[in-house]
J.: 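The structure follows.
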Amino acid sequence: MVEMEPWEEHAIRRPHLPERVTVYEVGPRDGLQNEAETLSLEVRAEFIDALAEAGLPAIEVGSFVSPKAIPQLADSEELYRRIHPVSGVRYPALVPNLKGLERALSVGVREIAVFTAASETFNRKNINAGVDESIERFRPVVARAKEEKIRVRGYVSTVFGCPYEGDVSPEAVREVVHKLLDLSVDEISLGDTIGVATPADVYDVIEALYDSGVTRGVLALHFHDTRGTALANVFAGLECGVTTYDASAGGLGGCPYAPGASGNLATEDLLYMLEGLGVATGVTLARVVEASRRLAESLGHRPSGRYLAAVWGSNG
Ligand code: COA
Ligand code: ZN
């Protein structure tokens, strides 16, 4: 007998999804580093405080990188001094080297993120180091962070494609992920820097990682919505059991070293879909909208998030 496809039987099989996920907010860092205008410290601190009040459990505040590379975030020390930490909320910062770690420690940062890529050319343009060289640069950074009992995230950019090299293989991703895990980072965020992934690519990469012994719990997914596939990719990630998703309030962002990278997946769009699916986050969508609305007033333009556009309508 020929087996029927579920849709032919009119039997819809709903996938089993995680009951709860962590939304890791990157708007203040990944978002604002790509805005031409540098917002005042006051506006950025208020934005971060509003996101924490909305219930976001992790908010990437800024980066301690070369001020020549990212002038918009050069004053991250001062920003850390201005925010009002909410108990239980994590406030990580991006750190490229020991100098960055020292700067972060000087203002009491308790979680850092180091960052590399799955492709050589992007990495050289972004942090002036090849993949292996970047891993060697992080070795003392992660060791020192561990001494300080600081949590470390490892970002892998260009997991699904590189603006300079094109396709990136799941094997290349697997290699760099294992190099980061060997440094004993606590979490790995897989980044679709230029927003090219489709759900099929998500299955391929995650399958290659699971097959090589990577556990579900260490993975986070970071999508940009350049081609409109970010939410579909999140859904594929949920089907694979991944429980941490990066997003940017309002859909702010991109990456200055990735031509054509448009906004990150908007936090509001992600929350709307998760709520509909019954996946808990602990975040209040309306309060994120309010934070984005206030930020947009200072930015002078509306960021690209779809949910925002829908609720603001023509008077936005
Ligand atoms: N904080 C502040 N300044 C830093 C720094 C840090 N963490 N690391 C390096 N610098 C300064 C150095 O002091 C030096 O300054 P000088 O020219 O006044 O002497 C200059 O930057 C170059 O330092 P060097 O160690 O030679 O680094 P590099 O030129 O090879 O650049 C990085 C490497 C990683 C510092 C730089 O490429 C960078 O900051 N990239 C970040 C990019 C980014 O944030 N991308 C966003 C993620 S998508
Ligand atoms: Zn990004």
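When a ligand or atom number is given, it counts from 1 through the structure's own listing order.
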J.: So which heavy atom on V141 is nearest to which on L101, and how close?
T.: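 Heavy atoms of V141 and L101 come nearest at O-CD2, 3.5 Å.
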J.: Is there a polar contact between ligand 1 and N97, counting only N or O atoms under 3.5 Å apart?
T.: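 Yes - when backbone and side-chain N and O of N97 are compared with those of ligand 1, one distance drops under 3.5 Å.
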J.: Below 2.8 Å, can you find an N, O or S atom of D30 next to the Zn ion (ligand 2)?
T.: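 True for D30.
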J.: So is there a nitrogen or oxygen of G100 less than 3.5 Å from a nitrogen or oxygen in ligand 1?
T.: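 In this structure, G100 places an N or O atom under 3.5 Å from an N or O of ligand 1.
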J.: Heavy atom to atom 28 (P) of ligand 1, shortest distance: which of V141, N128, T158 holds it?
T.: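 Looking at heavy atoms only, N128 sits closest to atom 28 (P) of ligand 1.
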J.: Give me the ring orientation class for F223 and F160: parallel if the planes are under 30° apart, tilted from 30 to 60°, perpendicular past 60°.
T.: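 Rings of F223 and F160: tilted, as their planes differ by 30° to 60°.
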J.: Heavy-atom pairs closer than 4.0 Å: do any link ligand 1 to the side chain of A69, the backbone, both, or neither?
T.: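 The answer is the side chain.
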J.: In chain order, what residues pass the salt bridge (Lys or Arg N to Asp or Glu O under 4.0 Å) check against E46, with sequence neighbours excluded?
T.: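 Here no residue qualifies.
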J.: Report the part of E102 in contact with ligand 1, treating N, CA, C, O as backbone and CB onward as side chain, heavy atoms under 4.0 Å; options are side chain, backbone, both, neither.
T.: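 Near ligand 1, E102 shows nothing, with every heavy atom at 4.0 Å or more.
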J.: Show me the pairs that pass side-chain hydrogen bond (donor to acceptor under 3.5 Å, both in side chains) and involve residues 202-211, at least two apart or across chains.
T.: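 Passing the test, one end in residues 202-211: Y203-E239.
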J.: Pick whichever of T193, D30, V65, N126 has a heavy atom sitting closest to atom 42 (C) of ligand 1.
T.: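 Shortest heavy-atom distance from atom 42 (C) of ligand 1: N126.
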J.: Can an N or O of R29 be found at a distance shorter than 3.5 Å from an N or O of ligand 1?
T.: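 Checking ligand 1 against R29, no N or O pair falls under 3.5 Å apart.
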